[in-house]
Amino acid sequence: MKILLMGNPNVGKSVVFSRLTGVHVVSSNYPGTTVGYTKGKINVGTEEADMMDVPGTYSLTPSCKAEEVARDMFFDEKPDLVVNVLDSTNLERNLFLTLQILESGIPTVIVLNMWDAAKRKGVHINLEKLTKSLGVPVIPATAVTGEGINETVSKINEVSKGMDSYKPKITSMNGDERWAFIGNILDDVQRIEHRHPTILERLEDASVHPVFGFVIAAVVLYITLEVVVGLSNMMITYIMDPFYYNYYGPFITNLISGWFPNSIVQSILVGTGYQDATSFGILTTGVYVEFAVVLPYILFFYFMLGVLEDFGYLPRLAVLIDSLMHKIGLHGYSVIPIILGFGCNFPAVMSTRILEGKREKFIAATLIAISVPCMAQTAVIIGLLGPYGLQYIAIVYGTLFLIFIFVGMLLNRLIKGESPEVFLEIPPYRIPHLNTLLKKTWFRVKAFVIEAVPFVFLGVLAINLLYIFGIMNVIIAALSPVLSNLFGLPNDAIGALVMGLLRKDLATAMLAPLNLGINQLVVASTVLAVSFPCIATLVILLKEIGIKDTLKTLALMMGMALVVGTILHLILG
Amino acid sequence: MISLTKLSVGENAVIVEIKGGLGFKKRLESLNLRKGKSLRKISSAPFHGPVVIEIGGCKIAIGQGMASKILVEVAHENTFNG
């Protein structure tokens, strides 16, 4: 048996899906979080049914990519049953899709999600009458708390038993007839009390105000930075560092040295010991960088991102800066992939799928790869440059920002076409649900660890092997003119650049033992950020924009790295 | 009759005409933007950015070009019914 889960964008389909199937999917308070689809299993009677979480759509006559996916799935997959999720606070618009689904004659169960929000907003819906007019079961639910989920499961069971005798009540209509029909239903079943706007609603409107909007954006940015950097540093100083230096470091060094004394294995695994930054053992420096330095930043970044997502702030930021983004060939909504990029470029490039055109997707993916440093890299840059003063960190990020603007304007000129205009629903502000938020943060952090660890091991191993077999000397000979003349860096920095192909955070950390001056550190950190995507990002670039466009992106990155590295070297001396 | 771009922020209005092709109309229609619907303009983003309106209880951002194709009649406060 096949069940499709359908509904308008941002009505909480993914939350309902997780609740019904136990499969975790990331959900957010903005339209378009689900662009591909996720599959899960659900028990119906004695049978195991396939359930698919379909991207949100307003109608079965699509007007964008995600909606096309939804329509194709509806017509091609030939579902036995549809679970249609609606936003109870917005019945009128949601029912348009519902009618189209019901017209097809496929047995349907309707979930009126956000029932709690509707109650708060003073929306009263007569469930009995609604069930009668639509001819299918209607269940009130609040998916984030789990309310109504059991009833949904039992209704799915009920409907699946009576499938053969199902007689659709709704017949085929055209657009105007549908709206008229909806109007009649609503007159009959819905009553809306008038309420004064709440503080949250006032804040909603202020967030897109031409003046207050920017004030709010600045405050949000400030708080985010304070939380991420402040709490991460506290966690490093008071938890991670003491644990590493007092317990983990000595333990692992003794253990490995005891097992493999004076061997290659020892030098690869623990290097010259845990206290020595130059050691570069996988289990000493490698583990320290990833878990003690980077992990706290990843944790707090994704927590704050989750807060902003679930609160519903990001679409408003998108509207606010839309016209500025148009100047670099993007539209406001691309701010979401870009912000994701500050966490990790990999999911950010993947999320460029929410953008409409191929042109926009290419520009956004390229800008992310070239000028958005991931949180792992940021953590190490802060650790490395921070002791010398904030201004050096500002030079690196300021340079990256200028590159962002410059490359964006350049691509906007060079590539034919125009970015589509914004046309999107902006969700109401919602107080984030703590459980959902923590779960989402946990899943993202877990994804980071799963993705990072193999590359860290591989990276340290590869660097060691390159040195052992003398290949590194060949690379150094080839690249040293560029390094020393243009960037003013010693040949040893090559190791870091090579590592940059695998992991940027570890690469930046490799600069630490080279005894570089602060200006050299600034140049090297910036060049590392710009020059080449890490391997994970490269793979996803190939997948999302194809080999031809990826090659263009790579050429642009290396070209910019040469130019920017040289200019910075000249300016800083 | 004025376009949505010309409507002042905070004012209520009723959609009287949507210019443009069938695809465009369909796209607006699926978000419940159609002739006869009441709306309120919430803001106009800076530097000719999108217009934000409230219609049927939800908020929608519409780019300037699209907004200029939506013609409305200013409504008085007491006839506004959401």
Side-chain angles (χ1 to χ4, degrees), chain A residues 8 10 57-64 67 87 89-97 100 121 123 175-176 178-179 182 186 192 194 201 204-214 315-316 318-327 331-333 418-428, chain B residues 3-5 8-12 14-15 17-70 77-82:
Chain A
N8 282 184
N10 208 42
T57 183
Y58 294 109
S59 80
L60 292 175
T61 37
S63 60
C64 71
E67 295 199 352
D87 174 354
T89 64
N90 210 329
L91 218 46
E92 183 178 19
R93 199 204 58 216
N94 280 250
L95 280 172
F96 192 75
L97 175 70
Q100 287 185 317
K121 261 183 111 176
V123 177
D176 290 338
R178 246 172 245 142
W179 287 117
I182 293 169
L186 289 183
I192 300 177
H194 184 74
E201 279 162 349
E204 277 173 15
D205 296 349
S207 311
V208 285
H209 187 276
V211 179
F212 300 127
F214 284 105
R316 287 185 171 76
V319 169
L320 191 67
I321 61 168
D322 177 64
S323 59
L324 298 177
M325 297 296 268
H326 270 278
K327 299 210 173 8
H331 89 25
Y333 219 48
E418 234 179 276
S419 300
E421 280 190 81
V422 157
F423 180 60
L424 67 107
E425 186 199 346
I426 37 186
Chain B
S3 81
L4 203 51
T5 48
S8 327
V9 169
E11 241 176 344
N12 296 320
V14 176
I15 300 178
E17 194 189 339
I18 293 170
K19 290 180 171 179
L22 195 64
F24 178 64
K25 282 183 183 154
K26 274 232 153 95
R27 194 167 172 207
L28 294 188
E29 187 192 354
S30 65
L31 267 170
N32 204 2
L33 277 163
R34 55 206 163 88
K35 224 166 116 176
K37 288 294 290 180
S38 308
L39 58 84
R40 187 168 67 91
K41 185 157 167 179
I42 288 179
S43 89
S44 185
F47 318 111
H48 301 286
V51 170
V52 181
I53 58 163
E54 182 175 351
I55 188 162
C58 67
K59 288 168 185 169
I60 299 170
I62 308 168
Q64 287 272 334
M66 291 171 84
S68 67
K69 291 184 189 159
I70 301 172
E77 192 71 30
N78 52 10
T79 58
F80 178 61
N81 54 18

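Letters A, B, ... are given to chains in the order of the sequence lines, protein chains preceding strands, and every chain is numbered from 1.
- Atom-to-atom distance recorded for A:Ile426:CD1 and B:Ile42:CD1 is 7.0 Å, nearest 0.5 angstrom.
- The two residues A:Pro210 and B:Ser44 make their nearest non-hydrogen contact at CG-O, 3.4 Å.
- Contact check for A:Trp179 versus B:Glu29: side-chain heavy atoms found under the 4.5 Å cut-off.
- At a threshold of 4.5 Å between non-hydrogen side-chain atoms, the residues A:Arg93 and B:Cys58 count as touching.
- Taking both residues in full, the closest heavy atoms of B:Pro46 and A:Ser323 are given as O-OG, 3.1 Å, listed atom of the first, atom of the second, then distance.
- In A:Glu418, the CD atom is not crowded: 12 or fewer heavy atoms of neighbouring residues, nucleotides or ligands sit closer than 6.0 Å.
- If you take NE2 on A:His326 and CZ on B:Phe47, they are separated by 14.0 Å, rounding to the nearest 0.5 Å.
- For A:Arg178, the side-chain hydrogen bond (donor to acceptor under 3.5 Å, both in side chains) test picks out A:Glu103, with sequence neighbours left out.
- At a threshold of 4.5 Å between non-hydrogen side-chain atoms, the residues B:Val52 and A:Val319 count as touching.
- For chain B, the nearby part of A:Leu324 is the side chain; its heavy atoms alone come within less than 4.5 Å.
- Listed for the B:Ser30 side chain is no donor-acceptor partner under 3.5 Å among the backbone atoms of A:Ser59.
- To the nearest 0.5 Å, the span separating CZ on A:Phe96 from CG on B:Asn32 amounts to 9.0 Å.
- Annotation: side chain of A:Phe423 is in contact with side chain of B:Leu33 (closest heavy-atom distance under 4.5 Å).
- With values rounded to the nearest 0.5 angstrom, A:Glu425 atom CD is found 11.5 Å from B:Ile62 atom CD1.
- Proximity to chain B involves both the backbone and the side chain of A:Asp205, based on heavy atoms less than 4.5 angstrom apart.
- Of the residues considered (B:Ala61, B:Gly65, B:Ala67, B:Ala45), B:Ala61 shows the highest number of contacts with chain A, using heavy-atom pairs under 4.5 Å.
- In this structure, chain B has a heavy atom under 4.5 Å from the side chain of A:Glu204, while its backbone stays farther away.
- A:Phe212 is linked by a ring-ring contact (aromatic ring centres under 6.0 Å, His included) to A:His209, counting only residues two or more places apart in sequence or in another chain.
- Taking 4.0 Å as the cut-off between side-chain N and carboxylate O, B:Arg34 and A:Glu92 count as a salt-bridged pair.
- Contacts between B:Lys59 and chain A at a heavy-atom distance below 4.5 Å involve backbone atoms as well as side-chain atoms.
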